[in-house]
There are 2 protein chains.
Amino acid sequence: MSFAMQKQASTRPLLWKLDSIVSLSDEEKRALLDLPMTIKVFDPDSDIVRDGDRPSECCLVLSGFVCRYKVLSDGRRQIMGFYIPGDIPDLQSLHLNVMDHSIGTLVTSSIALIPHESLRNLLTQHPGLAAAFWRDTLIDAAMFREWMIGMGRRSAYQRIAHLLCELRVRLKAVGLAGEGGYDLPVTQNELGDALGLSTVHVNRVLQDLRSEGLIVLRGGSLHIPDWEALQVAGDFDPTYLHLRR
Amino acid sequence: MSFAMQKQASTRPLLWKLDSIVSLSDEEKRALLDLPMTIKVFDPDSDIVRDGDRPSECCLVLSGFVCRYKVLSDGRRQIMGFYIPGDIPDLQSLHLNVMDHSIGTLVTSSIALIPHESLRNLLTQHPGLAAAFWRDTLIDAAMFREWMIGMGRRSAYQRIAHLLCELRVRLKAVGLAGEGGYDLPVTQNELGDALGLSTVHVNRVLQDLRSEGLIVLRGGSLHIPDWEALQVAGDFDPTYLHLRR
DNA sequence: CGAAGGCTTGATAGACCTCAAACACAGTGG
DNA sequence: CCACTGTGTTTGAGGTCTATCAAGCCTTCG
């Protein structure tokens with residue numbers, strides 16, 4: 001594959017993603033395609049950006065599965081979000097110099113690194129894109145809020161169901177989930193770190209969800225027999241994702 | 001007080017707040033002072049913006065104490081943040097049309113309502129201010145993340161101490177907290193809703209904090225005898241607030 | 001085939017919740 | 001001036017959700 005073709009294929013997830021939350025003009029799409037970027041493949045469980053770093057580039061997920069997390073002083077970990085192809089999890093570093101958490105891969109992932117300078121130029125020349133990216137960070141914040149609600153007020157059962165719903169909707173928006181389900185390359189331990197639960201408890205609740213026929217999960221592949229029922233179980237309402245359709 | 005003077009006094013908290021997170025030019029400050037706004041006083045426990053609304057203006061807190069919250073389907077409430085003079089809690093409505101939560105007062109509060117249109121004009125004419133406001137929403141998101149960490153991985157004891165630390169730092173940044181402490185017009189019930197705890201448990205933990213000499217709290221007034229110790233108790237590190245100094 | 005990582009299960013413990021009631025205090029009205 | 005009311009705080013008792021510890025199992029992979 002030629003470099004140009006590779007680049008075009010690379011940027012596609014981002015176009016799909018932005019297209020799911022804003023409407024872009026052809027000119028804006030072209031400008032996005034012209035962004036300079038370096039593509040890098042990361043092994044599973046490796047950091048892309050670390051707590052305390054002062055990044056000079058943003059990372060765009062092209063393939064794989066990435067998470068935002070922080071390790072506490074006592075060594076325990078809190079995962080604060082999962083990121084999928086098309087997402088730019090550290091867009092905030094454009095305006096917040098110091099990272100107050102880390103971003104790392106869950107599985108082998110290919111990541112495009114885009115210099116801050118290029119992004120800044122792009123945004124000053126295309127106010128519509130600036131609005132789009134700002135909106136993207138605001139939706140990120142809305143997801144944080146929804147996770148807060150979950151950890152503050154929802155049971156483990158609801159929380160897990162809710163997360164599985166959120167991932168379905170987001171993956172579907174970028175064409176990575178079919179009607180029936182999607183690939184979920186996340187261990188039960190990682191689910192626990194994301195939801196504020198122990199691995200053991202995650203395992204037990206997953207079994208509950210399975211025995212009630214809400215999910216079929218094996219080998220990193222999730223099947224959802226009854227989408228409506230799972231949404232009810234998770235008290236899930238996709239409004240907070242602010243998708244266009 | 002003349003209208004002009006009133007307006008100038010009104011915008012001051014905003015200037016202080018923005019000044020604590022970015023550096024503003026004199027021209028930008030002048031432009032902020034020229035923002036048209038309507039000032040309105042809200043009773044305690046009343047909504048400023050409601051879940052589902054499509055606001056056409058943003059609200060700037062001038063005095064009082066405001067919170068961001070959502071009521072779940074079972075009637076329980078999760079408070080997702082406290083907002084103090086100088087904050088614009090629904091800045092996000094500039095780019096997210098539908099509110100996915102509510103914003104309401106805790107005590108009598110005076111609020112300036114600024115039309116979206118005026119803000120949008122301001123931001124296109126002053127890119128520096130656009131960056132400043134974007135940064136403000138990113139810091140908001142950083143606070144959400146920190147609360148997530150608390151609810152996911154910290155004990156009730158740590159969570160309460162952490163919240164008291166956060167409020168001290170933020171209030172201090174706008175000149176509303178002295179060395180020793182600050183006014184905390186928040187009931188134990190509201191603290192519970194914010195931290196994902198029951199009122200009863202909040203009460204018991206507050207007593208623990210008191211008996212260990214970490215806080216002196218009575219009648220809505222908080223005194224912190226040992227700032228260092230409270231930070232340790234709450235595992236508090238102000239980095240996530242991204243203050244300039 | 002052994003090692004490693006992830007999944008599953010059992011037993012026990014603890015943090016926090018719920019229910020229920022008493023107490024304190026400020027504001028209101030007679 | 002004093003009951004009366006309402007809101008917020010405090011205390012007690014019991015229950016439950018979830019964590020922790022510990023071990024066994026299964027699959028994958030070198």
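The structure displayed is predicted, hence computed values, not measured ones. So you know, we letter chains A, B, ... as the sequences are listed, proteins then strands, and number each from 1. Just so it is clear, the values below take in all heavy atoms, side chains as well, and ignore hydrogens, waters and symmetry mates.
Looking at Q158(A), R159(A), R154(A) one by one, the single match for side chain to side chain donor-acceptor pair (under 3.5 Å) with D235(A) turns out to be R154(A). Considering V107(B), D90(B), T105(B) as possible partners of V66(B), the one that fulfils the side chain to side chain contact (heavy atoms under 4.5 Å, CB included) test is T105(B).
A donor-acceptor distance shorter than 3.5 angstrom exists from the side chain of Q78(A) to the backbone of D193(A), with no hydrogens or angles considered. A donor-acceptor pair under 3.5 Å is formed between the side chain of R153(A) and the backbone N or O of R77(B). Between the side chain of D237(B) and the main chain of T239(B), a donor-acceptor pair closer than 3.5 Å is present.
The side-chain tip of R168(B) does not point at the ring of F236(B) from less than 6.0 angstrom away and within 45° of straight on. Under the 6.0 Å distance and 45° angle rule, R170(A) does not count as a cation-pi partner of F82(A).
Rounded to 10 degrees, the angle separating the terminal helix axes of the helix from dC1(C)-dG30(D) to dG30(C)-dC1(D), each built from five base pairs, is 30°.
Note on S155(B): only backbone sugar-phosphate atoms sit closer than 4.0 angstrom, heavy atoms only; bases stay farther off. Looking at heavy-atom distances under 4.0 Å, G192(A) makes no contact with the nucleic acid at all. As judged by a 4.0 angstrom heavy-atom cut-off over every strand, S198(A) is placed among the base-contacting residues.
For D43(B), there are no salt bridge (Lys or Arg N to Asp or Glu O under 4.0 Å) partners two or more places apart in sequence or in a different chain. With sequence neighbours left out, the ring pair (Phe, Tyr, Trp, His ring centres under 6.0 Å) criterion links H101(B) to no other residue.
Around the CZ atom of R50(A), the shell of radius 6.0 Å holds no more than 12 heavy atoms that belong to other residues, nucleotides or ligands. Sparse packing is recorded around CH2 of W16(A), with 12 or fewer heavy atoms of other residues, nucleotides or ligands lying under 6.0 Å away.
Residue-to-nucleotide proximity on DNA chain D shows that, of R159(A) and R204(B), the 5′-proximal contact is made by R204(B).
The span of DNA chain D lying next to chain B, judged by atoms under 4.0 Å from heavy atoms, is bounded 5' to 3' by dG8(D) to dA13(D). Taking 4.0 Å as the cutoff to heavy atoms of chain B, we find the contact window on DNA chain C bounded by dC16(C) to dC19(C).
In this structure, Q92(A) and P89(A) approach most closely via the heavy-atom pair CG-O, 4.4 Å.
Rounding to the nearest 0.5 Å places CG of L113(B) at 9.0 Å from CG of L60(B).
For DNA chain C, no neighbouring residue in residues 205-222 of chain B is found when judged by any heavy atom under 4.0 Å.
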